[in-house]
Amino acid sequence: MTDLVPALQDAIRAAVRVLLDDPAAESAGLDPDTLEVGVQRVPDDKPGDYGSPIAFALAKRLRRNPAELARAIAERLVAPAGVARIEAVGPYLNVFVDPGAFVRGVLRLRGALAATGRKVVIEHTSVNPNKEAHVGHLRNIVLGDALARIERAAGSEVEVQNYIDDTGRQAAESLFAIGYFDAHYDGTSKYDHWLGELYVRLGQAKEADAEAIEAGVAHVMHQLERGELRAAVERIVRAQLETCFALGAEYDLLVWESDVVAAGFLQRGLEVLEQLPTVSRPTAGKYAGALVMDVSAFLPGLEEPQVVLVRSDGNAMYVAKDIGYHLWKVGRLEGLRYAPFAEQPSGAMLWTSTPDGEPSVAGRTFAHGDQAVNVIDARQAHPQTIVRTALQMTGGGRDEDSLHHLAYEVVTLEGQAMSGRKGLTLAIDTVIEEAVRRARAVVLEKQPNLASADAVARAVGIGALRFAMLKSEARRVIDFRWEQALSLAGDSAPYVQYAHARACSILRAVAEAGIALRGADTEGADWSALGPLEVRLAAEVARLPGVTAQAAEADAPHVVAQYALDLATAWNGYYNHRDVHGRPDTSVLRAEPGLREARAAVVAGVRDALARALGLLGITAPEQM
RNA sequence: GCACCCGUAGCUCAGUGGACAGAGCAGCCGCCUUCUAAGCGGUAGGUCCCAGGUUCGAAUCCUGGCGGGUGCGCCA
């Protein structure tokens, strides 16, 4: 069977059509095909499993009593597979599933959705290459990585890009600081941390020696623009990537700003823009000598509709570079060269743009996205809107939806804003270390004999961290607090991981008992022995495909995180369920043959769904903990 | 000043216009001779910021306030 909910929607729509075709009915020009049929789970204390308030909507249009309409629709309904009966409960249409058929249907659902044929280019991380990544970046990396996994599961081809701003002032300052302080890396701390300290020191030194430092940094910036310090920047990038890999994030391509400029994307982008009637070069007034773009047609109500693309001194603004880069992302410019950069922990190759690389790579096509999604903090909303507007204006209307900005709010530190310049930060590496340390202590306490204690501690510690960054909406400010971010109980990754491990434990015992699981076709299973408890659990499992699609559509990983909690809660509730006498009544192994096999298959379905949901969030699911 | 985001239990947050608004944490009371107690059950805790409006129906949509955050540079 396919997903039950769409099947129900179709069935209800069909019944409505029959109802309206009745000559006695006044259809009031109602077209059942365009009717939005809501189908949702029924509250626990109401009869049935799924329900629809469709009669309300019709009652208004047909000017008939909703309860009466619900009855009329119910009479004309042909129940889809897995449904025992559908009846009117007051004005609601309530669906009673057949437990056995429903559960088997759920067990046949597949996790991956049908291919969309679309390519999504996701940019995330993009940390300035001048210091170690901090917990603000953590949110970016984890959000972007989770979104990439979700989009893939939702059927899109995904390319993850990490933009390296190697011509910026921040990189220049850090690199200049090495020579300025005559510092020598001795390997006692991670390279990016060492450099970050020099960067902060340089900031302080400016108070006494501003002029010399300014001149020196300007010199380094020119070297960077000419690509002379590529190796030095690469060293920083590699150190930062270690942190990303430890979090479980991987990439397809590094895109270096110097390469974007060298490929002429800035110039060619400007040439495209100059064709627009909204782009001009005023000879008088406030913007004399500059190249400006009027965005008021796309962004009404702006106080200042002119955006400067090229300054009157001839230097391009950052947003102009960004527009060129994005024209390439969606396949409207070509010209980068590529080379392998590193083999990542999963074994997948990370590629990089580079001046002396190959113009094409066998078996892959970079960029050419049908859509670009940028994971960038919410303060960049204005420039992101300008880039999107530029794509729209130059795209002749066909790229309206080509750029999404996944805007996430800042992470504060115990209520305080972080500042890299002031050194007021908390490094991701530090947090990972602490998270794993705490997790290990708990693992050793709960499971002293666990052989995989180290691996579990990493999975749990890092999982907790990732989950803390993902469980709320991106537009909510996160105040980073240790107890909350590293919590191993309650609404957390370990809660879900534990539920998964618990299911695995049962399934190990099931295997030892000689029961071979084959999902809906499990031998010896008596599906008719299943009841409402299994239905409730399976209904939760059945939500996964819809949740995946919704999270992808809305660029909202938190939808998956919330679902993972719901599923784990449903499973824990089932596992601990007791009958009216207070005795456990959901045991798998102690159930009579037939029911035992059917329940085991359900548990396997739950285990798989939990693992998949965690996988969408980039969180590993240990089999024991 | 203008624009965007947020306002739901003591705290942190879920809640694609539908059935009495839900979790976690903190509090209180229980549950391991039961397949993993990192768990489960119970209890207590709400003017869903306020006021209007749309709707059969609003935490959800619209308007106007109030409170908080952010952004508005020929910076990146």
Side-chain angles (χ1 to χ4, degrees), chain A residues 36 38 40 42-43 45-46 51-57 59-60 66 89-92 94 128 165 167-170 286-292 299 301-304 306-315 317-319 321-322 377-383 385 407 409-410 439 442-443 445-447 460 471-473 475-479 481 483-484 487-492 494-499 501-510 513 546 550 553-554 556 558-559 561-562 565-566 568-569 572-573 575-578 582-584 586-591 599-600 603 624-625:
Chain A
E36 265 208 41
Q40 62 234 101
V42 143
D45 57 340
K46 294 285 187 295
S52 175
I54 186 66
F56 285 113
K60 175 174 47 180
V89 177
Y92 285 91
N94 283 19
N128 264 316
D165 181 5
T167 63
R169 179 168 189 95
Q170 309 220 22
K286 187 175 166 187
Y287 295 113
L291 185 71
V292 298
L299 298 170
L302 278 185
E303 198 173 335
E304 177 49 79
Q306 300 289 347
V307 174
V308 176
L309 298 172
V310 180
R311 292 186 268 171
S312 49
D313 66 6
N315 286 314
M317 298 286 285
Y318 185 82
V319 72
K321 281 184 205 168
D322 222 16
D377 83 80
R379 291 175 298 197
Q380 306 285 335
H382 187 57
T385 306
E409 269 298 340
V410 292
V442 175
V443 170
E445 175 203 327
K446 309 265 183 190
Q447 300 279 356
V460 169
K471 71 175 171 182
S472 306
E473 290 181 281
R475 55 170 171 265
R476 215 165 270 282
V477 175
I478 292 182
D479 188 29
R481 277 176 295 197
E483 317 77 57
Q484 231 168 290
S487 166
L488 305 183
D491 284 353
S492 68
Y495 176 83
V496 183
Q497 291 170 315
Y498 184 75
R502 170 180 267 168
C504 288
S505 169
I506 291 171
L507 293 169
R508 276 192 298 274
V510 164
Q550 189 199 341
E553 173 63 30
H558 85 278
V559 170
Q562 293 294 331
L565 290 173
D566 288 344
T569 298
N572 281 330
Y575 173 85
N576 282 297
H577 196 271
R578 276 146 202 271
R583 282 190 289 268
T586 51
S587 173
V588 174
L589 291 170
R590 289 164 189 238
R599 280 183 174 168
V603 172
Q624 293 181 61
M625 60 184 278

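Protein chains get the first letters and strands the later ones, always in sequence-line order, with residue 1 at the start of each.
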Spacing of A/Met625 atom CE relative to B/rA37 atom P, expressed in whole Å: 12 Å
Out of B/rA19, B/rG71, B/rA38, which has the shortest distance to the side chain of A/Val42? B/rA19
What nucleic acid atoms does A/Lys471 come within less than 4.0 Å of, heavy atoms only: base, sugar-phosphate, or nothing? nothing
Could you work out the separation of B/rC50 and B/rA38 based on their P atoms and round it to a whole Å? 41 Å
Tell me the partner of B/rG73, counting only Watson-Crick (N1-N3 plus N6-O4 or O6-N4) or G-U wobble (N1-O2 and O6-N3) with both under 3.5 Å; none if nothing fits. none
Measure from the side chain of A/His558, starting at C-beta and using heavy atoms only, and say which of B/rA38, B/rA14, B/rC74 lies closest. B/rA14
Which nucleotide in the list B/rC74, B/rA38, B/rC20 gets nearest to the side chain of A/Val308? B/rC74
Whole-Å gap separating P (B/rA76) and OH (A/Tyr318): 10 Å
For A/Ala288, which contact category applies under a 4.0 Å heavy-atom criterion: base, sugar-phosphate, or nothing? base
Below 3.5 Å, does any donor atom in the side chain of A/Ser505 face an acceptor in the base of B/rC35, or the other way round? no
N/O donor-acceptor pair, side chain A/Tyr498 with base B/rU36, under 3.5 angstrom: yes
Mapping A/Gln40 and A/Ser487 onto RNA chain B by nearest heavy atom, which one lands closer to the 5' end? A/Gln40
Pick base, sugar-phosphate or nothing for A/Ala59, based on heavy-atom distances below 4.0 Å to the nucleic acid. nothing
Length of the CD-P vector between A/Gln447 and B/rA37, whole Å: 10 Å
When the P atoms of B/rC11 and B/rU47 are considered, how many whole Å apart are they? 12 Å
Do any N or O atoms from the side chain of A/Gln562 and from the backbone of A/Lys471 form a donor-acceptor pair under 3.5 angstrom? yes
Quickly work out the A/Gln550 CD to B/rG15 C1' distance and round it to whole Å. 11 Å
Atom OH of A/Tyr498 and atom SG of A/Cys504: how far apart are they, to the nearest 0.5 Å? 12.5 Å
Of all the choices, B/rA14, B/rU12, B/rC35, which nucleotide is nearest to the side chain of A/Ser472 once you look at every atom? B/rA14
Against the side chain of A/Tyr92, the closest entry in B/rA23, B/rA19, B/rG39 is B/rA19
Side chains of A/Asn572 and A/Tyr495, donor plus acceptor under 3.5 Å: yes
I want to check something: taking the side chain as every heavy atom from C-beta on, are A/Tyr92 and A/Val42 in contact at a cut-off of under 4.5 Å? no
Atom-to-atom span, NZ of A/Lys286 to P of B/rC74 - whole angstrom: 6 Å
Between P of B/rA76 and CD of A/Gln170, the distance in whole Å: 12 Å
Considering only heavy side-chain atoms of A/Tyr287, the closest of B/rC74, B/rG39, B/rC35 is B/rC74
Short heteroatom pairs, N/O only, protein and nucleotides 41-45 of chain B, under 3.5 Å:
none

Phosphate OP1/OP2 of B/rC5 contacted by A/Arg379 side-chain N/O (<4.0 Å): no
To the closest 0.5 Å, what do you measure between CG (A/Asn94) and OG (A/Ser52)? 9.0 Å
In the structure I gave you, are the side-chain heavy atoms of A/Val588 and A/Val510 within less than 4.5 Å of one another anywhere? yes
Flag side-chain contact, heavy atom, 4.5 Å: A/Gln447 against A/Gln624: no
Mind checking the C1' distance from B/rC25 to B/rA44? Whole angstroms is fine. 15 Å
Gap in Å between the two P atoms, one belonging to B/rA23 and one to B/rG42, rounded: 9 Å
Remember a base hit wins even if backbone is also touched, and classify A/Gly289 as base, sugar-phosphate or nothing at under 4.0 Å, heavy atoms. nothing
Does B/rG67 have a Watson-Crick or wobble mate here (both distances under 3.5 Å), and if so which one? B/rC6
Spacing of A/Leu291 atom CG and A/Met317 atom CE [to the nearest 0.5 Å]: 11.5 Å
If pairing means Watson-Crick or G-U wobble with both distances under 3.5 Å, then the partner of B/rA21 is none
For nucleotides 27-32 of chain B, print each protein N/O atom paired with a nucleotide N/O atom at under 3.5 Å, atom names and distance only.
none

Rounded to whole angstrom units, what separation is found between the CG atom of A/Leu565 and the P atom of B/rC40? 11 Å
Given the P atoms of B/rG10 and B/rG45, what is the spacing between them in whole Å? 11 Å
Whichever of A/Glu473 and A/Val89 has its nearest RNA chain B nucleotide further upstream toward 5': A/Glu473
Contact class for A/Val443 (heavy atom, under 4.0 Å): base, sugar-phosphate, or nothing? base
Near A/Glu36 CD, under 6.0 Å, is it more than 12 heavy atoms from other residues, nucleotides or ligands? no
Does this structure show an ion pair linking A/Glu473 with A/Arg475, if we count only N-O contacts that are shorter than 4.0 Å? yes
Measuring from the side chain of A/Val588 (C-beta onward, heavy atoms only), which nucleotide among B/rG39, B/rC35, B/rA76 has the closest atom? B/rC35
Of B/rU36, B/rA38, B/rC6, the nucleotide closest to the side chain of A/Tyr575 is B/rU36
Using a cut-off of 4.0 Å on non-hydrogen atoms, how would the nucleic acid contact of A/Val442 be classed: base, sugar-phosphate, or nothing? base
What integer number of Å spans the P atoms of B/rC62 and B/rC5? 10 Å
Looking at B/rG27, which nucleotide sits across from it as a Watson-Crick or G-U wobble partner, both distances under 3.5 angstrom, or is there none? B/rU43
Which nucleotide sits closest to the side chain of A/Met317: B/rC40, B/rC75, B/rA38? B/rC75
Under a 3.5 Å limit on both distances, the Watson-Crick or wobble mate of B/rU16 is none
Using side-chain heavy atoms (C-beta onward) and a distance below 4.5 Å, is A/Gln484 in contact with A/Asp479? no
Are A/Thr167 and A/Lys321 side-chain neighbours, meaning at least one heavy-atom pair lies under 4.5 Å? yes
With respect to the side chain of A/Asn94, which nucleotide from B/rG7, B/rA19, B/rG71 is positioned closest? B/rA19
Can you check the distance between B/rU60 and B/rG52, where both ends of the measurement are the P atom (answer in whole Å)? 14 Å
Rounded to whole Å, CG of A/Asp45 lies from P of B/rA19 at a distance of 11 Å
Tell me which nucleotide, if any, is Watson-Crick or G-U wobble paired with B/rU34 when both distances must be under 3.5 Å. none
Since syn is defined as within 90° of 0, does B/rC25 count as syn or as anti? anti
Side-chain donor or acceptor of A/Thr385 paired with backbone N/O of A/Ala381 under 3.5 Å: yes
For A/Tyr495 and B/rA38, say yes or no: do the ring centres fall under 5.5 Å of each other while the ring planes differ by less than 30°? no
Determine the interatomic distance between C1' on B/rG15 and the same-named atom on B/rC56; round to the nearest Å. 23 Å
What is the minimum heavy-atom distance between A/Ala407 and A/Ala378, and which atoms define it? CB-CA, 3.8 Å
